[in-house]
Amino acid sequence: QVQMVESGGGSVQPGGSLRLTCVTSGYPYNEYCNSWFRQAPGKEREAVAAIDREDSKKYADPAKGRFNISQDNAKNTLYLQLNMLKPEDTGTYYCAAVGGWCGPGWWPLARTDYGYWGQGTQVTVSS
C-alpha cells in the first residue's frame with residue numbers, strides 16, 4: 001500500500017521559512033520521479049518542484065531562488081525548504097510520485113502525470 005505523508009506546514013509571516021517533509025512507503029522510491037505540488041484556494045493544483053534519482057532538480061518559476069527540493073533516498077523521504085515566503089505561496093502543498101525516469105530533458109509537471117499523492121499540508125503566509 002502506497003503512503004505519502006506530508007508534514008511541516010504552518011502559519012508564517014511574509015519572509016519566513018518552513019520545511020516540508022514527505023515520508024513515503026509502499027513503492028520503489030528510487031525508481032520514481034518525486035515532486036511537490038501546491039493548490040491555492042480556488043486555483044488549479046500546480047507543480048512546484050521535482051527531483052530525480054540523481055538529485056537533478058526542476059523548479060517552477062515561482063519557486064526559483066526561494067525553494068529547495070531535496071531527498072533522503074535511504075529514508076524514502078522528500079523535503080521542500082520554503083524560504084522568503086510570500087502571501088501568494090499560501091495553499092495546500094502535496095507530494096506526488098510518478099513511476100519511471102525523469103530528469104534534465106523531461107520533467108513531468110502536470111497533475112495528470114502523477115498517480116501517487118499525499119494528503120497535503122497547509123501553508124499560510126500572512127502578516
Side-chain angles (χ1 to χ4, degrees):
Q1 181 181 0
V2 172
Q3 288 193 314
M4 304 183 77
V5 181
E6 303 98 333
S7 62
S11 295
V12 296
Q13 293 185 339
S17 297
L18 287 171
R19 189 191 195 205
L20 308 184
T21 298
C22 174
V23 178
T24 76
S25 63
Y27 70 97
Y29 180 88
N30 292 336
E31 297 177 15
Y32 276 60
C33 187
N34 294 282
S35 302
W36 286 96
F37 281 70
R38 69 183 183 185
Q39 188 165 15
K43 294 189 175 181
E44 294 291 319
R45 193 171 300 186
E46 62 179 4
V48 176
I51 190 167
D52 73 4
R53 66 194 69 181
E54 296 179 352
D55 282 345
S56 293
K57 304 172 184 181
K58 175 70 173 179
Y59 294 97
D61 285 344
K64 290 178 180 177
R66 299 189 300 127
F67 298 174
N68 181 56
I69 187 171
S70 62
Q71 62 190 349
D72 185 333
N73 290 328
K75 297 181 179 180
N76 296 340
T77 299
L78 185 68
Y79 303 99
L80 186 66
Q81 178 68 40
L82 308 174
N83 299 319
M84 297 183 285
L85 282 162
K86 305 175 182 179
E88 52 263 44
D89 295 318
T90 293
T92 303
Y93 284 68
Y94 300 88
C95 54
V98 56
W101 180 87
C102 68
W106 188 73
W107 291 101
L109 297 177
R111 178 180 183 174
T112 53
D113 290 331
Y114 288 80
Y116 297 154
W117 292 89
Q119 83 290 346
T121 186
Q122 178 67 34
V123 172
T124 302
V125 185
S126 173
S127 56

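Numbers here are sequence positions counted from 1.
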With a 4.5 Å heavy-atom cut-off, do Arg66 and Asp89 have their side chains touching?
-> yes
Shared hydrophobic cluster for Val48 and Trp107 (ILVMFWY, side-chain gaps under 4.5 Å) = no
Side chain to side chain, Pro14 and Pro87, heavy atoms closer than 4.5 Å | yes
Compare all side-chain heavy atoms of Thr121 with those of Ser7 and state whether any distance is below 4.5 angstrom.
-> no
So with a 6.0 Å cut-off around CD of Gln122, is the heavy-atom count from everything else above 12?
-> yes
Enter the distance from Asp52:CG to Ile69:CD1 here, rounded to the nearest 0.5 Å.
-> 10.0 Å
Passing option when Phe37 is tested against Tyr93, Trp117, Tyr116 for ring pair (Phe, Tyr, Trp, His ring centres under 6.0 Å) = Trp117
Given the rule that I, L, V, M, F, W and Y join up when any side-chain heavy atoms are under 4.5 Å apart, are Val5 and Val2 in one cluster?
-> no
Note, Tyr94 side chain near Leu20 side chain (heavy atom, < 4.5 Å) = no
Taking C-beta and beyond as the side chain, do Glu46 and Leu109 meet within less than 4.5 Å on heavy atoms?
-> no
Please confirm whether the backbone N or O of Ala96 pairs with a side-chain atom of Tyr32, one donor and one acceptor, at under 3.5 Å?
-> no
Considering residues, nucleotides and ligands other than Glu54, do more than 12 of their heavy atoms fall under 6.0 Å from its CD?
-> no
Going only through I, L, V, M, F, W and Y residues with side-chain contacts under 4.5 Å, is there a path from Leu78 to Tyr114?
-> no
Any Lys58 side-chain heavy atom under 4.5 Å of Cys33 side chain | no
Just checking, any donor-acceptor pair under 3.5 angstrom between side chains of Asn34 and Tyr27?
-> yes
Any side-chain heavy atom of Trp36 sitting closer than 4.5 Å to one from Cys22?
-> yes
Using side chain to side chain donor-acceptor pair (under 3.5 Å) as the criterion, point out the one residue from Thr77, Asp55, Asn76 that pairs with Gln71.
-> Asp55
